[in-house]
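Remarks on the structure that follows.
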Amino acid sequence: MKADIIIQGNAVFDSVGDKPFQGFVAVKGNKILKVGSPNGAAEFIGEGTRMIDSGDRLVMPGFHDSHTHLLLAGMYKACVNLGAARSEEEAAQM
């Protein structure tokens, strides 16, 4: 299977190892096909594959979830954070 995009660079961090490595990420549609060392990218390169060289910039392939639990977020907005209060009086004032 050929990738739509291959991102290659000197700092690919897959969270399996302890530190970033020189490698590539092959992507087809919205799925990661492969993360590997530079010499493994060739099998995923097709006629329409877009190549991106990230240089020394960090590449972190994976699923990223950003969401808020509405009840907790609402409570946070409705409550006073007393963490910065230096006295009982200051807390009451806040």
Here the pair of heavy atoms bringing Leu82 nearest to Ala91 is CD2-O, 3.8 Å

Are any non-hydrogen side-chain atoms of Lys2 and Ile45 less than 4.5 angstrom apart? no

Closest non-hydrogen atoms of Gly62 and Ile32, given as atom of the first, atom of the second and distance, are N-CD1, 3.5 Å

Taking every heavy atom of Gly40 against every heavy atom of Glu43, the minimum-distance pair comes out as O-CG, 3.6 Å

Sequence neighbours excluded, the answer for side chain to side chain contact (heavy atoms under 4.5 Å, CB included) partners of Arg50 is Ile5, Ile52

Handout entry: Backbone of Glu89 reached by a side-chain donor or acceptor of Gln93 within 3.5 Å
Key = no

So NZ of Lys34 and CZ of Phe44: to nearest 0.5 Å the spacing works out to 6.0 Å

Check your understanding: Mind checking whether Met51 and Thr49 have side chains closer than 4.5 Å, heavy atoms only?
Key -> yes

Pair up each side-chain donor or acceptor in residues 13-30 with any protein partner under 3.5 Å, not counting sequence neighbours, and list the distances.
residue	atom	partner	partner atom	Å
Asp14	OD1	Val16	N	2.9
Asp14	OD1	Gly17	N	3.3
Gln22	NE2	Asn10	OD1	3.4

